[in-house]
Structure formats: C-alpha cells, structure tokens
A.B. asks: 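Here's a structure for you.
First listed ligand is number 1; within each ligand, the first listed atom is number 1.
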Amino acid sequence: MTDTPADAVVRIEDGAGWRRLTLNRPDKLNSFNADQHVALKAALDAAAEDRSVRAVILTGAGRGFSAGQDLSDRNRAPGAPPPDLSETIERFYNPLIRRLRTMPVPVIAAVNGVAAGAGANIAFACDLVLAAKSARFIQAFSKIGLIPDSGGTWTLPRLVGRARAYALAALAEPVTAETAESWGMIWKAVDDAALAGEAEALAARLAAMPTGALVRLREGLDLAETGTLSAQLDWERDAQAALGRSDDYQEGVAAFMEKRPARFAERS
Ligand code: T3D
C-alpha cells in the first residue's frame with residue numbers, strides 16, 4: 001500500500017494492481033479548491049506513469065463524493081468585480097476531464113455520497129460508475145446561474161437523452177443512485193456498506209484484463225459519439241490491427257487454446 005497522511009487532500013492507497021484516490025475535504029463535501037485540483041491531477045498523473053497500476057478508483061471521504069466547485073472561493077462583496085470562471089475551467093476542470101478520458105488504465109468512480117455540479121460530471125467522465133444507494137447526482141449549476149461544465153453538456157445527453165439532460169440541468173433535481181442506474185447514467189447502484197468492496201473487486205477484475213483493449217474501447221466509444229458508421233468501421237479495423245499485434249492478444253488466444261486463465265500484463 002502507498003500511504004498518504006490521513007489529512008492529505010487526496011489520499012492514495014494501492015491494492016493489487018489498482019490504486020484508490022480519495023478526495024479528502026469531507027467538511028466541504030470534497031468540493032474543489034485549487035489544492036484539491038492540484039493534488040488530484042498529480043495523483044492521476046502518477047497513476048498514469050506507474051506501470052503497476054492497472055485500474056484506478058476515484059472516491060470521496062465522508063458523506064459526499066464531491067459538491068463541485070468550492071463556492072466559498074466564489075462569494076464576493078457587492079460591487080466587487082466578477083470572477084472570470086473560464087480561468088478555473090481552463091486551468092483545472094477541463095484538464096481534469098481530459099486527463100480522466102486519456103488515462104492509460106480504466107477509471108472507476110465509486111460515488112459514496114452526493115455528487116453535485118462538477119462533482120457529478122467528473123464521476124460521469126470515468127469509465128465505470130458505481131454508486132452507493134444513498135448517493136445522489138445533482139446538476140446543481142442552474143441554482144447558481146450556471147450551466148453544466150466539466151463535460152456535462154456533452155456527457156449528459158449521451159447518457160440519458162436530451163429530454164432528461166435538459167430537465168436535469170434546468171431543474172437541478174437530485175437523481176438517486178437507483179434511478180441513475182435505471183436511466184443508464186451509471187453502471188450500478190450498490191448497498192452503501194458494499195461500495196468500497198465492490199469497487200475494489202471491480203478494479204481487481206479490470207486490472208487482470210487486457211488494459212490496452214479497455215483503453216481502446218473508451219477511445220472508440222468516444223469517437224463514435226461524433227463520427228459516422230463508415231469512419232467507425234475504419235477505426236475498428238485499425239484498432240483491431242494494433243491490438244492484434246499485442247502480447248495481450250497472443251496471451252488471450254494461447255490461454256483460450258490451453259483452457260487456462262489468461263495472464264495479461266501489457267500496459268502503456
Ligand atoms: O467556479 C468555477 O470555477 C466554475 C466551475 C464550476 C463548477 C461547479 O461545480 S459549479 C456548482 C458548485 N456546486 C454547487 O452549487 C453545489 C453546492 N452544494 C449544495 O447544493 C449542497 O451542499 C449539496 C446538495 C451538494 C448537499 O446538500 P446537503 O444538505 O447534503 O449538505 P450541506 O449542508 O449543504 O453541505 C454540507 C457542508 O458542505 C456545508 O458546510 P457547513 O455549513 O457544514 O460548514 C456546506 O456549506 C459545505 N458545502 C457543500 N457544497 C459546497 C460546500 N462548501 C463550499 N462549496 C460547495 N460547493
């Protein structure tokens with residue numbers, strides 16, 4: 001296990017083949033200030049660099065996953081100049097979503113409690129979302145006069161369709177984990193007490209899989225959102241050609257023929 005101090009803004013723990021990153025500002029429902037952004041970016045970069053990490057779990061300490069932007073950073077006196085929100089988005093949120101979407105390993109969001117504003121959309125940017133049954137997803141932005149960011153305007157309609165995406169973003173109503181599962185927003189809602197164990201089991205399962213194929217799968221699904229069938233067929237051909245040259249493919253076929261479990265080991 002890699003141990004970080006209990007009070008680190010992002011705690012880091014290693015399991016067998018996986019790493020858990022825990023947002024750790026529970027008194028603020030793990031809302032994002034600059035420190036938490038910097039710590040999470042560094043932790044994701046380090047996980048991306050470390051070949052022993054084959055899956056990442058992102059979760060939150062306490063009763064929240066993340067309440068999005070720390071609004072105590074945004075409260076200004078009457079007459080004071082307005083903040084330029086594009087600065088934080090350009091400096092922190094957009095790089096974070098791009099980082100999640102280009103990780104060389106699958107990322108699981110283990111949503112332990114409320115996920116609001118950018119906190120919800122950061123979870124949706126992960127490859128698989130598990131949520132505790134007590135968790136809620138809230139597109140809280142409209143309550144403070146904003147629109148969904150952190151990819152929300154892209155991700156939400158693709159997950160739930162435009163009608164629900166508009167209503168969720170406009171009305172900022174909480175969606176329970178079980179509804180989120182039934183609407184296809186997340187992979188699974190699990191009992192609160194089972195969340196950490198289920199996330200670890202899923203991470204261990206992914207860590208034993210061919211990482212290159214899992215990463216290409218994400219890339220292909222993202223590409224399909226904007227491409228044509230014809231372009232996608234070409235992409236699948238090229239992706240399959242590359243994967244077919246991998247040691248993991250060779251190992252997978254050999255394991256099948258020898259009727260034994262495959263031992264996948266490649267990682268970029
Ligand atoms: O600004 C930019 O750079 C642009 C980018 C924006 C990205 C965004 O995410 S904008 C959206 C920001 N987030 C929100 O608007 C959500 C605000 N929070 C809430 O609506 C509620 O807290 C929740 C629905 C998430 C949870 O409600 P509840 O009743 O379970 O908890 P609570 O009592 O409201 O919060 C508990 C504590 O966390 C409380 O502190 P206290 O009173 O115990 O000292 C509360 O102030 C604090 N907290 C919750 N969310 C935030 C927060 N503190 C700062 N910032 C927060 N976002």
A.B. asks: Which side-chain N or O atoms in residues 79-88 pair as donor and acceptor under 3.5 Å with protein atoms at least two apart or in another chain?
C.D. replies:
residue	atom	partner	partner atom	Å
Asp84	OD1	Ser86	N	3.0
Asp84	OD1	Ser86	OG	2.6
Asp84	OD2	Ser86	OG	3.3
Thr88	OG1	Arg74	NH2	2.8

A.B. asks: Can you tell whether the side chains of Arg218 and Asp222 come within less than 4.0 Å, N to carboxylate O?
C.D. replies: no
A.B. asks: Would you confirm whether the ring centroid of Phe137 sits within less than 6.0 angstrom of the ring centroid of Phe65?
C.D. replies: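 Not under 6.0 Å, so no.
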A.B. asks: Pair up each side-chain donor or acceptor in residues 182-189 with any protein partner under 3.5 Å, not counting sequence neighbours, and list the distances.
C.D. replies:
residue	atom	partner	partner atom	Å
Ser182	OG	Thr179	O	3.0

A.B. asks: Tell me which residues fall inside the under-4.0 Å heavy-atom shell around ligand 1.
C.D. replies: Asp27, Lys28, Leu29, Ser31, Arg63, Ala67, Gly68, Gln69, Asp70, Leu71, Arg74, Leu85, Thr88, Tyr93, Val114, Ala116, Gly117, Ala118, Arg136, Ile138, Ala140, Phe141, Ile144, Asp149
A.B. asks: Assess whether a salt bridge exists between Asp127 and Arg101, defined as any Lys/Arg side-chain N lying under 4.0 Å from an Asp/Glu carboxylate O.
C.D. replies: no
A.B. asks: Applying side chain to side chain contact (heavy atoms under 4.5 Å, CB included), can you list everything that pairs with Arg91, at least two apart in sequence or on another chain?
C.D. replies: none
